[in-house]
Structure formats: C-alpha cells, structure tokens
Amino acid sequence: MSPSSTKPQAVAPSRKVVSERITQVLSGIRVPDLPYPASKSSPEQEPDWRPLLMSCWTEQRDERVTKVLRSVQIEWTVRQVNAAYLSDRIMDVFLKTSGLHAALVGRIARLRFWLAWQLDLCGAEVFSGVLLDWLDNLQEWRGWSDTGGRSSRVLLDQLDSLVITVSGSFEAGSRDPLEHYCSQWLADTRKRDDQVARLRERLLETEQGASRQRLSDQVARALIGRALTGRQLPPPITRFILTDWHKVLKQSVWAEGTDSEVHRHANKLLEWLVWVGDPQLSDRDRNRLYHVGEQLGDRVRDVWTRALGEGAPEQALHDIQAVIVARIRGETPELEPALLPDSDFSWDSSWLVNEPVPADESEPLVGQWFVEGEGAREQRRFFFALLPDSGEVLWTNGAGVKLGLQPWKEFQAELASGGLRPLPESTAFGQVLAETLEVLSKVCARQLEQREKAAKEARARADALRKEREAAEQRRREEELARQQALEREREEAERQRVADEKAEQERLRKEAELVATKQVEGIALGGWIVLTQETRDDDPVRLKLAVKISASRKYVFVDRLGLNRREFLQDELVNGIVEGRIRVLGSSAEFDDTLSRVVGRIRVGRN
C-alpha cells in the first residue's frame, strides 16, 4: 500500500462517456490483420468462447487474446474480435504506464481474458460496478516489491485467490464473484490505510528521536576521537573523558544542538582536559597550566550540572585534580595512549561538519518512490522523510515498514550514478481506460467517416452505372422503337402499296368485268331473259324478259312471263348488277358466261 496521501484520481471523462465509447469501439472499429468474419453471422451461429478464455486464465498465460483467437480455426463475430482487441489494448497500455512492479502488473494484465469475455457479453456494464474502483486502487501498491518478506507475500496470496475467484466467475457465467472479491479488497484496504497511518506516525516520531540520539552520540564520539587520537594521557583523564564526559557532550547536543552554549563549553572543557593531561601541550606554558588547573574543576561541575541536571562524579574529579597538581609541581605522571589500536571506540569526523540539508533540495523528494535494480529483481523504496538532525533519508516499503537509513550525501551519489532512480509517474487504470478509449473512438470515427465516404462513393458509382445502364437501355429502347417504327412504316407503306395494287387490280378486273358485262348487256336481244337474285336465300330468283330496249336513253324494260311486273334498268345498272352477281343474263353463249364468271370470281376473291 502506497504511503502517498494522494489517492487515485477519478477518470476525467464521465462513465457515461466511457460507456458510449466502449459501445462505439465494440461495434464500429476495424483493425487490420484481425480475424474478422467474412460475412455477418446470425446470433444462433455465434461461437461460445468462454471455455477457451477460461482455460487461458486458468493456465495464467501471458499472451494476447487476439493471438489466441488466431490460433484456432473458428469464425468469431465482429464483436468478439473487437472485445479481444479492446481488452488487449487496455491491458498493454496498463502494463507500460501503471508504474506497478512487473511481477504485480503482469498478473493483473492476465485479466484481459476475463475482460474480453465480459466486454462481449455485457459491453460497458463491466466497468459500471466496483471493478473500476478496485483497478484504480491498485495504485496503492505501486511501491510493492517482491522482497520475499511477509508484507510482499500478503499481496501475492491475495492475487492467488484472484485466480480462483475469476475461474469461479467463468464457471458461473457471471461477474458477481469478481465484484464481491473487489469489494472485500477495498474494505481491507481501508482498514490497512488506518493501520499504516498510525504506524507511520509512530515510526516518524521514533526515528526523529533516534536521529537526534545518533547525532548527539556521533558528534560526541567525533569530538572525543579527534581530541584523543595520537595523544598520551594519564589514565584518570582518559577514563573520565571516555566514560563520563562523553555523556555530557552527548546530552548537550541532544538537548540544545551543536550551536548551544552548553555544548560549546563542554567541547572547550574537553580540549582543556586533553591539554592539561598531555605534557607535550601544557609544558610549554606553565603559567597557563596553573590558571587552567585552578578553574578546571569548577567549570566541569558547572557544565555537568547544566547538561545532565545532577552533580558531577567527585571521585573522578578528585583523580583529575591529583593529576593536575602533579603536573603543576613539574612531575611527569604515568602516560598511556588515549585510544588503543584495538579499542572498540569508533568515531567519524564527518559528523563534525554535518551541514543541514537545504529544504528546497529535500522537500521535493519527500513522498516519492525510488527504484533500484531491473525487471523482476527491481526493488522499490519510499522516501518517507529526511531526518534533519542526522541528515539521513528514512526509507520505508509499501506497507509503511522501515527499510533502512541512508546518509543524504550517499543518497545523492547513488542518485547521480543511476544506481537509484525515481519511479516514473504512474497512471491509474481508469485514466488508462479513458485515454485508450478516447484514442480508439477517434480511430473508429475516422474509420466510420471513411466507410461512409466509401459507401457514398460506391453509391455514386452505382448511381452513375445505373444511370449509364438506364441511358443505354433508353437508347436501346429508342433505337428499337425507331426500328419498329421504321418497320411499321415499311409495313404500312407495303400495305398501302398492296392495297393500292389490289385496288388497282380490282379496278382493272372490274373494268374487265364491266366490259364483259357491257358486251353481254348490249348483246341481250328482245325477248332475252335475265335472272335477278333475291336478297334472301329463301326467295326464289326472278326471271325477267327484255321487252323494250331504248337506245337513246340506254334503258332496258323487262317483264315477267306474263308480261307483267314491269322493271326498268339503265344499261349501267344492268352492268353493275351483272358484275356484282345480282343479275345473270340467260341465253348467251357458254364461253361468254364462263369468262364473265371468272372475272366476277376474281373480283369477289379480291374483295375478301
């Protein structure tokens, strides 16, 4: 769990916008080289890919869903292919930008199989519940490292149980088991947050106190070590400095710091004790030796009381006073090396120049994560605080447990050499989701625009082709109509010609018949007979005999056998009657009758 107080930020776009973009991408995007179906399939033919995805999850395979789809000879639906691509794209981006440890984010990325199944099944609803909150909350673990310790093992155990939970979700055909798991995870996270917050408070208070203790002890040791190194001193003075005056120096630094008056006096008295005890230093100025020896005891008691709030050890002071008296008398006391080579007294002179770290250098780094190592061996540390007294960096882990201390200069050197580097900015899953969908929705919109443009162009080409075909058909019809009209005109002309020819023939035949009939009429002698055909077949023909023939008026008068029923005909009437077959002349020669009959017959045939 990240010690950072910054919580994962909410997704910038609303969930409604995210939902709309997911729906748009699932139905509209087309990605090259993906196994899209050749034609639209019916819902009854949609393949069930849940067993395949479940097996991939159970085996914890680190491969893309789209690669799995290509590996089997099944025709997937467009929605399934797009769901696989979308889950792969989201998890691939999350792998690169989440900032989580590789061992951790790799496990989370395997959710792509479950996510693809749910995106196909229910679309954007998969992110409408607690799942998105849980994925965002994973940023709390961005400082996690696989150290093998208890705190790192806890998270791995939780992710092991995630495998069982997701498998149960596959088997049940519902996302309820995973959502329950996420809810429980978030509840546990809130409890841990409270515990870690209290732990961090106690840790900071403890380490700040320990830092001041280290500062006071190390400064005291450094002052004593610097003063005693290479010196030959009487044992009482050496013993007093190492066992008694060390406490005064340490307490003076702890209580008021290295700039306090008490500390300055304590350090000055340390120098006096060494100066008095070392003949090489004090023999050069006997007057000053007398003056220092006279005041040293009172000064030591005063500083001791001010620093520790109690009386000084009189026996130790008495032994020191005896040494001073002997030195004033000119005696040479027994001398021993103040610090033996095999002494367990350690000191570091760098503590004497321990300058405070500038706030403008340290404050931007507090609360940041740093990384050392690469890949699975990568270890992460949290810059929890800079302890101002000791100038040390306090490192903690993701659970707020102390990892160690590091001097500021050593930290700077490691940072400059690249052995330690800042952890790049992380991206919450919700932001990954929103940004990925924003990019894909733009791609989808461009593809839709291109498809609409292509469809419009296709429609335009189809319309142009249709119009061209219609124009060609119209031209063909017009040409056919013109041809038919020409044929019709030709037929009409031929018919007119035929009618005219027939009419001319009829006229010619009629003239011939009229000539024959005229000869026949003119050849009727008085007393010659004609037969009149009645209009109805039931009536008998009427026979008439020529009684009078008037040449001037060309009139013929006929009577019946009894001389009655007089009928008059003009010559033309007789001719027309004979031609038309209504009148037949009796008593003429057979040859004449046959000729007339043939002529009249041809006239009738022509009429029919």
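All values reported here derive from a predicted model rather than from experimental measurement.
For the pair Arg61 and Phe113, the cation-pi test (distance below 6.0 Å, angle within 45°) is failed. A cation-pi arrangement is not found for Arg200 relative to Phe384, the charged atom failing to lie both closer than 6.0 Å to the ring centre and inside a 45° cone about the ring normal.
For the pair Tyr181 (side chain) and Ser161 (backbone), a donor-acceptor distance under 3.5 Å is absent. Side chain of Asp120 to backbone of Ala83: no donor-acceptor contact under 3.5 angstrom is found. For the pair Thr165 (side chain) and Pro177 (backbone), a donor-acceptor distance under 3.5 Å is absent. Between the side chain of Arg70 and the backbone N or O of Asp33, at least one donor-acceptor pair lies under 3.5 Å. Of the possible polar contacts, none joining the Asp319 side chain to the Ile237 backbone as a donor-acceptor pair under 3.5 Å is found. Remark: side-chain polar atoms of Thr427 are paired, donor with acceptor, to backbone N or O of Thr97 under 3.5 angstrom. With hydrogens and angles disregarded, no donor-acceptor distance shorter than 3.5 Å links the side chain of Glu207 to the backbone of Leu405. In this structure, the side chain of Arg421 engages the main chain of Gly373 through a donor-acceptor pair within 3.5 Å. Under the 3.5 Å distance criterion, the side-chain polar atoms of Gln80 are matched with a main-chain donor or acceptor of Thr77. Side-chain atoms of Ser390 never come within 3.5 Å of backbone atoms of Leu215 as a donor-acceptor pair (strictly under, hydrogens ignored).
For the pair Val443/Val31, no side-chain contact is recorded, criterion being any heavy-atom separation below 4.5 Å from C-beta on. Counting heavy atoms from C-beta outward, Val371 and Leu420 have side chains that stay 4.5 Å or more apart. Under the 4.5 Å side-chain criterion, counting only non-hydrogen atoms from C-beta, Ile224 is not in contact with Trp347.
Summarising the local packing, CG of Asp259 is surrounded by 12 or fewer heavy atoms from other residues, nucleotides or ligands at distances under 6.0 Å. Within a 6.0 Å radius of CD in Glu59, more than 12 heavy atoms belonging to other residues, nucleotides or ligands are found. Open room surrounds NZ on Lys96; 12 or fewer heavy atoms of other groups in view lie less than 6.0 Å from it. Applying the 6.0 Å contact sphere to CD of Glu310 captures more than 12 heavy atoms from other residues, nucleotides or ligands.
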Inset, instruction - Could you walk me through whether Arg214 and Glu392 pass salt bridge (charged side-chain N to carboxylate O under 4.0 Å, His left out), step by step? - result: CA-CA 10 Å; Arg214 279 192 303 279; Glu392 296 170 311; 2.6 Å; yes

Legend entry - Intermediate values then yes/no, salt bridge (charged side-chain N to carboxylate O under 4.0 Å, His left out), Asp88 and Arg64: CA-CA 6 Å; Asp88 281 341; Arg64 290 181 172 85; 5.3 Å; no

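Under the 6.0 Å cut-off for aromatic ring centres, Phe370 and Phe411 qualify, their centroids lying closer than that. Between Phe170 and Trp57, a ring centre-to-centre spacing not shorter than 6.0 Å is recorded. Annotation: Phe383 is in aromatic contact with Trp395 [ring centroid separation under 6.0 Å].
Contact record, Val432 with Phe94: CG1-N, 3.9 Å, taken as the closest heavy-atom pair. Residues Phe345 and Leu339 share a closest heavy-atom pair of CD2-CD2, 4.0 Å. Nearest approach of Ser426 to Arg142, heavy atoms of both residues: OG-NE, 3.2 Å. Summarising the geometry of Phe429 relative to Met91, their closest heavy-atom pair is CE1-CE, 4.0 Å, with the distance given to 0.1 Å. Between Ala227 and Val274 the shortest heavy-atom distance is O-CG1, 3.7 Å. Across all their heavy atoms, Ser216 and Trp254 have their closest contact at CB-N, 3.5 Å.
Under the 3.5 Å distance criterion, with hydrogens and angles disregarded, no donor-acceptor pair is assigned to the side chains of Ser441 and Gln24. A donor-acceptor contact closer than 3.5 angstrom is absent between the side chains of Gln213 and Asp217. Side-chain atoms of Gln431 and Glu435 include a donor-acceptor pair closer than 3.5 Å. Side-chain atoms of Ser169 and Arg175 include no donor-acceptor pair closer than 3.5 Å. A donor atom on one side chain and an acceptor atom on the other are found under 3.5 Å apart for Gln406 and Glu414. Donor-acceptor pairing under 3.5 Å is lacking for the side chains of Arg30 and Gln447. No hydrogens or angles considered: a donor-acceptor pair under 3.5 Å links the side chains of Gln412 and Trp408.
In this structure, Arg380 CZ and Thr396 OG1 are separated by 14.0 Å, a value rounded to the nearest 0.5 Å. The line from OG of Ser98 to CG of Leu138 is 8.5 Å long, rounded to the nearest 0.5 Å. Taking CZ from Arg221 and CG from Leu352, the interatomic distance works out to 13.5 Å, rounded to the nearest 0.5 Å. Considering CZ of Arg239 and CD1 of Ile320, their distance stands at 9.0 Å, rounded to 0.5 Å. The distance from the CG atom of Leu433 to the CD1 atom of Ile22 is 5.5 Å, given to the nearest 0.5 Å. Between Leu156 atom CG and Leu104 atom CG the span is 8.0 Å, to the nearest 0.5 Å.
Remark: Arg301 engages Glu314 in a salt bridge, criterion side-chain N to carboxylate O under 4.0 Å. The pair Arg264-Glu261 does not count as a salt bridge, with every side-chain nitrogen at least 4.0 angstrom from each carboxylate oxygen. Using a cutoff of 4.0 Å between basic side-chain nitrogens and carboxylate oxygens, Asp92 and Arg89 are not scored as salt-bridged. For the pair Glu205 and Arg212, the salt-bridge criterion is not met [side-chain N within less than 4.0 Å of a carboxylate O].
Contacts of Tyr85 classified as ring pair (Phe, Tyr, Trp, His ring centres under 6.0 Å), with partners at least two apart in sequence or in another chain: none. Listed by chain and residue number, Asp157, Asp160 satisfy the salt bridge (Lys or Arg N to Asp or Glu O under 4.0 Å) test with Arg153 (two or more places apart in sequence, or in another chain).
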